[in-house]
Amino acid sequence: QVQVAESGGGSVQAGGSLELSCAASGSTSFAICKMAWSRQAPGKEREMVSSIYIDGTATYVDSVKGRFTISLDNAKNMLHLQMNDLKLEDTAVYYCAALIAPYVELCSSRGPYNYAGQGTQVTVSS
């Protein structure tokens with residue numbers, strides 16, 4: 001069994017920065033195939049913000065390109081999201097998701113995420 005937990009949320013003024021982290025842990029060995037950040041603002045549907053595959057290939061939603069940077073530390077099983085120049089519309093609960101496999105040889109970029117965290121609140125104020 002694998003657990004995924006986010007950290008690093010908080011409140012910041014517009015134009016500021018925050019870094020979110022997500023730790024994957026488990027009682028047996030596992031391989032992280034891909035991880036992602038999604039967010040859900042009040043009254044809105046959840047949207048995918050950014051994802052990263054084991055080979056480092058990253059994707060971003062257009063609204064955060066040039067401001068957010070996703071990174072995956074495979075050695076520490078840690079996902080990070082550096083968020084710069086935050087805007088009011090970035091206010092949301094941010095969720096981490098992971099596609100975990102028993103061995104890296106079984107990884108596929110097309111697999112559905114099978115683990116997710118509880119979310120961390122990010123609030124941007126004027």
Side-chain angles (χ1 to χ4, degrees):
Q1 189 70 8
V2 174
Q3 292 80 42
V4 173
E6 305 93 341
S7 61
S11 298
V12 64
Q13 288 191 321
S17 299
L18 277 177
E19 183 179 40
L20 303 182
S21 297
C22 177
S25 61
S27 57
T28 59
S29 63
F30 58 89
I32 295 175
C33 302
K34 63 179 180 179
M35 296 188 77
W37 291 98
S38 62
R39 65 186 179 186
Q40 187 164 22
K44 295 188 177 181
E45 293 186 355
R46 188 176 296 194
E47 69 168 347
M48 180 63 71
V49 175
S50 181
S51 66
I52 186 166
Y53 188 58
I54 191 173
D55 66 358
T57 303
T59 65
Y60 299 92
V61 67
D62 285 347
S63 60
V64 308
K65 285 181 180 177
R67 300 189 297 120
F68 290 11
T69 302
I70 193 170
S71 61
L72 178 60
D73 185 339
N74 282 299
K76 296 181 179 180
N77 294 328
M78 289 285 293
L79 177 72
H80 301 282
L81 185 69
Q82 178 64 44
M83 304 185 295
N84 298 326
D85 189 23
L86 282 160
K87 304 179 184 300
L88 298 180
E89 52 266 36
D90 294 320
T91 295
V93 177
Y94 284 71
Y95 299 91
C96 171
L99 171 58
I100 302 292
Y103 308 103
V104 66
E105 290 79 7
L106 297 178
C107 282
S108 168
S109 62
R110 292 186 295 273
Y113 297 99
N114 49 7
Y115 293 94
Q118 296 298 309
T120 185
Q121 177 71 45
V122 171
T123 302
V124 184
S125 60
S126 59

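By convention here, the first residue in the shown sequence is residue 1.
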Checklist entry - Can Asp62 and Lys65 be counted as an ion pair, charged N to O under 4.0 angstrom? => result yes

Checklist entry - Considering only heavy atoms from C-beta outward, does the side chain of Ser126 approach that of Leu88 to under 4.5 Å? => result yes

Checklist entry - Would a distance-only check, ignoring hydrogens and angles, find a side-chain to backbone donor-acceptor pair under 3.5 Å from Gln1 to Gly26? => result no

Next on the checklist: Evaluate Ser7 against Ser21 for side-chain hydrogen bond (donor to acceptor under 3.5 Å, both in side chains), listing each step before the verdict.
Outcome noted: CA-CA 5 Å; Ser7 61; Ser21 297; 4.6 Å; no

Checklist entry - Between CG of Asn77 and CD1 of Ile32, what distance do you get to the nearest 0.5 Å? => result 4.0 Å

Item to check | Distance, nearest 0.5 Å, that separates SG of Cys33 from CG of Leu106 | outcome: 7.5 Å

Item to check | Ring-face cation of Arg46 near Tyr95 (centre distance under 6.0 Å, axis angle within 45°) | outcome: yes

Checklist entry - Are any non-hydrogen side-chain atoms of Ile54 and Val104 less than 4.5 angstrom apart? => result yes

Checklist entry - Heavy atoms, side chains only, cut-off 4.5 Å: are Met83 and Arg67 in contact? => result no

Checklist entry - Could you walk me through whether Tyr60 and Ile70 pass the side-chain contact (heavy atoms from CB on, under 4.5 Å) check? => result CA-CA 9 Å; Tyr60 299 92; Ile70 193 170; 3.4 Å; yes

Checklist entry - Between atom OH of Tyr53 and atom OG of Ser109, what is the distance when rounded to the nearest 0.5 Å? => result 5.0 Å

Item to check | Distance, nearest 0.5 Å, that separates OG1 of Thr57 from NZ of Lys34 | outcome: 11.5 Å

Checklist entry - Minimum heavy-atom separation for Ser51 to Thr59, with atom names? => result OG-OG1, 2.5 Å

Next on the checklist: If you define the side chain from C-beta out and look only at heavy atoms, does anything of Tyr115 sit under 4.5 Å from Cys96?
Outcome noted: no

Checklist entry - Should Asp90 and Phe68 count as side-chain neighbours, where that means a heavy-atom distance under 4.5 Å? => result yes

Checklist entry - Are the side chains of Val122 and Thr91 in touch, meaning some heavy atoms are under 4.5 Å apart? => result no

Checklist outcome for this item: Rounding to 0.5 Å, atoms CD1 (Ile100) and CD (Gln3) come to a distance of 10.5 Å

Next on the checklist: I need the minimum non-hydrogen distance between Ser71 and Leu79, along with the two atoms involved.
Outcome noted: O-CD1, 3.3 Å

Checklist entry - With side chains defined as the heavy atoms from C-beta onward, is the minimum distance between Cys22 and Tyr94 less than 4.5 Å? => result no

Item to check | Single-linkage hydrophobic cluster Val64~Leu86, side-chain heavy atoms < 4.5 angstrom | outcome: yes

Checklist entry - Does the side chain of Val93 reach to within under 4.5 Å of the side chain of Thr120, using non-hydrogen atoms? => result no

Next on the checklist: Between Tyr113 and Met35, is the side-chain contact (heavy atoms from CB on, under 4.5 Å) condition met? List the steps.
Outcome noted: CA-CA 8 Å; Tyr113 297 99; Met35 296 188 77; 5.5 Å; no

Checklist entry - Can you list the steps and then say if Val12 with Thr123 is a side-chain contact (heavy atoms from CB on, under 4.5 Å)? => result CA-CA 6 Å; Val12 64; Thr123 302; over 6 Å; no

Item to check | Separation of Thr69 OG1 from His80 NE2 (nearest 0.5 Å) | outcome: 12.5 Å

Checklist outcome for this item: Closest non-hydrogen atoms of Met48 and Val61, given as atom of the first, atom of the second and distance, are O-CB, 3.5 Å

Checklist entry - How close do Leu18 and Gly8 get, heavy atom to heavy atom, and via which atoms? => result CD2-O, 4.1 Å

Item to check | Over all atoms of both residues, closest heavy-atom pair of Arg39 and Glu47 | outcome: NE-OE2, 2.6 Å

